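Atoms considered below: every heavy atom in the structure, side chains included; atoms not considered: hydrogens, waters and symmetry mates. Quantities reported herein were computed from a predicted structural model and do not represent experimental measurements. Numbers here are sequence positions counted from 1. Counting starts at 1 for both ligands and their atoms, in listed order.
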Amino acid sequence: MNVEELREELAHFGQEHLLEFWDDLDSEKKQELYDDIKSTDIGEVLQFFTKAMENAGEVEKVDEKMEPIPSELIGSVTRSGKELEKWYNEGLKQVANGKVCVLLMAGGQGTRLGVTYPKGMYDVGLPSTKTLYELQAQRIQRIQQLAYEKTGKHGVVPWYIMTSEHTKDPTEAFFKRNNYFGLIKENVVMFEQNMLPCISFEGKIILDQKHKISRAPDGNGGLYRALASCNIIDDMEQRGLKYCHVYGVDNILVKLADPWFVGFCIAKGANCGAKVVEKAYPTEPVGVICRVDGKFQVVEYSEITLKTAERRNQDGRLMFSAGNICNHFFTTDFLRELAREHEPRLKHHIAKKKIPFIDNSGERIVPTKPNGIKMEKFVFDVFEFSMDFAAFEVLREDEFSPLKNGIKADKDNPTTARHALLSLHHRWVLNAGGRFVDKDGTPIPAIPSNSAQADHTSGARANVDYCRTTNSQKATDPDEYPVVCEISPLLSFSGEGLQPLCDGREFTPPVLLSEGDYQEDKESRIDNN
Ligand code: UTP
C-alpha cells in the first residue's frame, strides 16, 4: 500500500477526507479502505457528479416539443382485434425456438418497502405464500409449456437476473434454497450491477464507515454497463437468443416473455419496445412515453404543464396517455449496440437522500433530512437511441400492480398488490365458467358490492378499510375484498386452460388452484367416464 501516493491522488480531486480516520484503523481495515478507494475511478465519479448536478436545475417544460407516439407504432390488447392472435402465435413460436429470454432488474434497494431482504423475496400474503420470485419462476415454466403445446418444441426461456451488492447474496441463497423453483440452474443467470459512491451536496464522497465509502447501485439504467462488463450479451448470443423482455421485480402481475408483446414488437420490426398502460387521469404522477424533438422518451409529469397533461384526442382519450410501467422489449443486437455505443451518453439523474455518514468526530450519523445524493441511470433513457420503437398498451388491472411501499402507505403496497392478483384470478375463474358461493351456499356476486368503494382515482384498488391482512397474517379470510382466489402460474399464464377445471363449478373462498388440482380433476373425469 502506498498511502502517501493515494493521499496525493485524493488531494488532487479534493477528496483527502477519505483518509481522515486512517490512523484509527487496524491493518485489516486499512487494507479494506485502501482497496475500496483504489477500486474507484474518482475522476469518473466526480465527472458524473458535475454533469448530474448541471442537469438537476430547474425542470425544463417540454410541452412545445412533444408529440404522441404515432398510432401505427402502437398495439393494444383491447383495440388490435385479430392481429392479437398472430402476435401471440409468433411470440410462442419464438419462445419454442429458444429465441426469447427475460431479464429481471432486481438491484434496487427497495427503501420504500422497508424490508431488510430483496424485494423479490417478499410474500404479499397470498394463500400460497409464494414470493414475487416464485411467481415469476413459475410463469416462465408455464410459458415454456404453452410454447411446447403449440409447437411440440421444448424452448428454454433463460432468466437473467441483475442484482446489486445489497441483493446479490440473499437472492442467490434464496434461489439455491428453493432449488431454483423448478428451473434448471444453468438457465438462471445472475449478474451484478455497478455501485457508485454517494456524494454530499458539496461534492465530497461520503464515508459510510471509517474504512468504507458509502455506495448505492447505479440505477436500473446501470443495466447496460453491467450487460457488457459481466459478458451477458455474449452469453445471450451463445445461446442464440434474439429477443429480451426486461422488467422490474415489483410488478406482481408481470407477464414474463409475454407472447403478445414479443410477437407485436417483432411484427413492428422494433428493436426496442415498451408496454404501457393508459394514464388514468391528467394529473396522475406517471411518466408518459412520447416523442420529444422526434426522439422517443419518457416525460415525467413535472416536465409538462397541466394544460398539456389535460389535452385530449377527438375520441376523448388523453393525448399523452402512454404510461410507462418498466416493461421493455429489446433485440439482443440493440442491447449490444446500447452497451457498446450509447451507454456512456446516458446521463445520471440525482436522488437527494438521507445518507448515513461519519462526522468529523468519527461518529456514524443517520441524518433526518437529505444530506447528499445518489446517482442513477434510468433503463428507459435509451429509448432515444431507437429508430424502431413500438409501444404495446395493456390493461392496468390485468398487468400492472407494483409493490413499492410498506403496508401503511395508501397505494402500491402489499395489500394492493395482493388484491390485484386475487381480483385478476377471480375474473379468470368467472370467465372460465366458475361461480363463487360463500360457506352457507349463498352466491357471491361476480362484482363484489364493496368493490364500489375501490379507489380508482388514486390508483389504489383497495379501500384501506379492507386492508386487514398483513404480510404475516395470510390472506385467507373469505370475506376479504376481493374474493380470495389464487391460481398457480403453472396452471395458467393469462387465464387460459381453466375451463375444464372451472366450468359449471362452484367455489367457496379462499380458493387456491394449483397444478395438482388439474391433475386430480382430469383423473376424476376419466374415472367417471
Ligand atoms: P425503483 O425505482 O422502484 O427502486 O426500481 P427500488 O430500489 O425498487 O425502490 P426504492 O426507490 O428504493 O424504494 C424499479 C426497478 O428497478 C430496479 C428495482 O429493483 C426495480 O425492479 N432497480 C432499481 C435496479 O435493478 N437497480 C437500481 O439501481 C435501481
Side-chain angles (χ1 to χ4, degrees), residues 48 52 102-122 124 131-133 135-136 159-172 174 189-198 214-227 229-230 232 244-256 274-275 285-287 298 300 323-328 330 343 346-356 370 372-382 399-409 411-414 416-417 459:
F48 292 163
V102 289
L103 193 154
L104 163 62
M105 298 177 296
Q109 289 173 293
T111 42
R112 284 169 289 172
L113 182 61
V115 289
T116 52
Y117 50 85
K119 226 189 239 187
M121 288 165 57
Y122 198 86
V124 299
T131 59
L132 296 175
Y133 282 149
L135 292 171
Q136 292 169 24
W159 192 6
Y160 294 94
I161 303 181
M162 180 171 80
T163 61
S164 65
E165 194 178 288
H166 302 285
T167 60
K168 179 177 180 281
D169 292 347
T171 296
E172 277 177 1
F174 191 64
V189 181
M190 298 195 193
F191 63 104
E192 202 178 336
Q193 73 177 105
N194 196 26
M195 304 283 284
L196 280 176
C198 302
S214 171
R215 291 176 192 270
D218 59 352
N220 54 23
L223 168 67
Y224 307 105
R225 187 167 173 152
L227 282 177
S229 63
C230 303
I232 295 300
C244 181
H245 177 204
V246 173
Y247 68 100
V249 70
D250 46 29
N251 177 12
I252 195 167
L253 302 182
V254 65
K255 285 162 88 166
L256 293 96
K275 263 194 191 183
V286 56
V298 174
E300 299 297 342
N324 183 40
I325 57 168
C326 197
N327 227 296
H328 310 307
F330 294 98
E343 191 284 329
L346 294 179
K347 293 179 207 123
H348 286 96
H349 300 257
I350 64 161
K352 294 183 182 167
K353 297 275 177 182
K354 297 172 208 158
I355 303 164
I373 65 157
K374 293 181 179 177
M375 296 185 288
E376 294 188 328
K377 289 187 173 182
F378 292 165
V379 66
F380 54 71
D381 275 348
V382 300
E399 301 209 25
F400 185 55
S401 179
L403 174 63
K404 297 286 182 195
N405 305 308
I407 195 79
K408 288 193 183 131
K411 65 173 205 169
D412 299 342
N413 63 35
T416 57

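- For H245, the ring-ring contact (aromatic ring centres under 6.0 Å, His included) partners are Y247, F261, not counting sequence neighbours.
- Near ligand 1, heavy-atom contacts under 4.0 Å come from M105, A106, G107, G108, Q109, G110, T111, R112, K119, M162, Q193, P217, G219, N220, G248, V249, D250, K404.
- Inter-residue side-chain proximity for V286 and N324 is flagged as unmet; no heavy-atom pair is nearer than 4.5 Å.
- In this structure, H349 and F378 have parallel ring planes: the angle between them is below the 30° cut-off, well short of the 60° mark.
- The side chain to side chain donor-acceptor pair (under 3.5 Å) search around H328 returns none, not counting sequence neighbours.
- Between the side chain of K275 and the backbone N or O of I325, no donor-acceptor pair lies under 3.5 Å.
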Solution key, residues 215-224 side-chain donor-acceptor pairs under 3.5 Å, sequence neighbours excluded:
unit_1 : atom_1 : unit_2 : atom_2 : d
R215   : NE     : D36    : OD1    : 3.4
R215   : NH2    : D36    : O      : 3.3
R215   : NH2    : D36    : OD1    : 2.8
R215   : NH2    : T40    : OG1    : 2.7
D218   : OD1    : Q193   : NE2    : 2.8
N220   : OD1    : V379   : N      : 2.8
Y224   : OH     : V379   : O      : 2.6

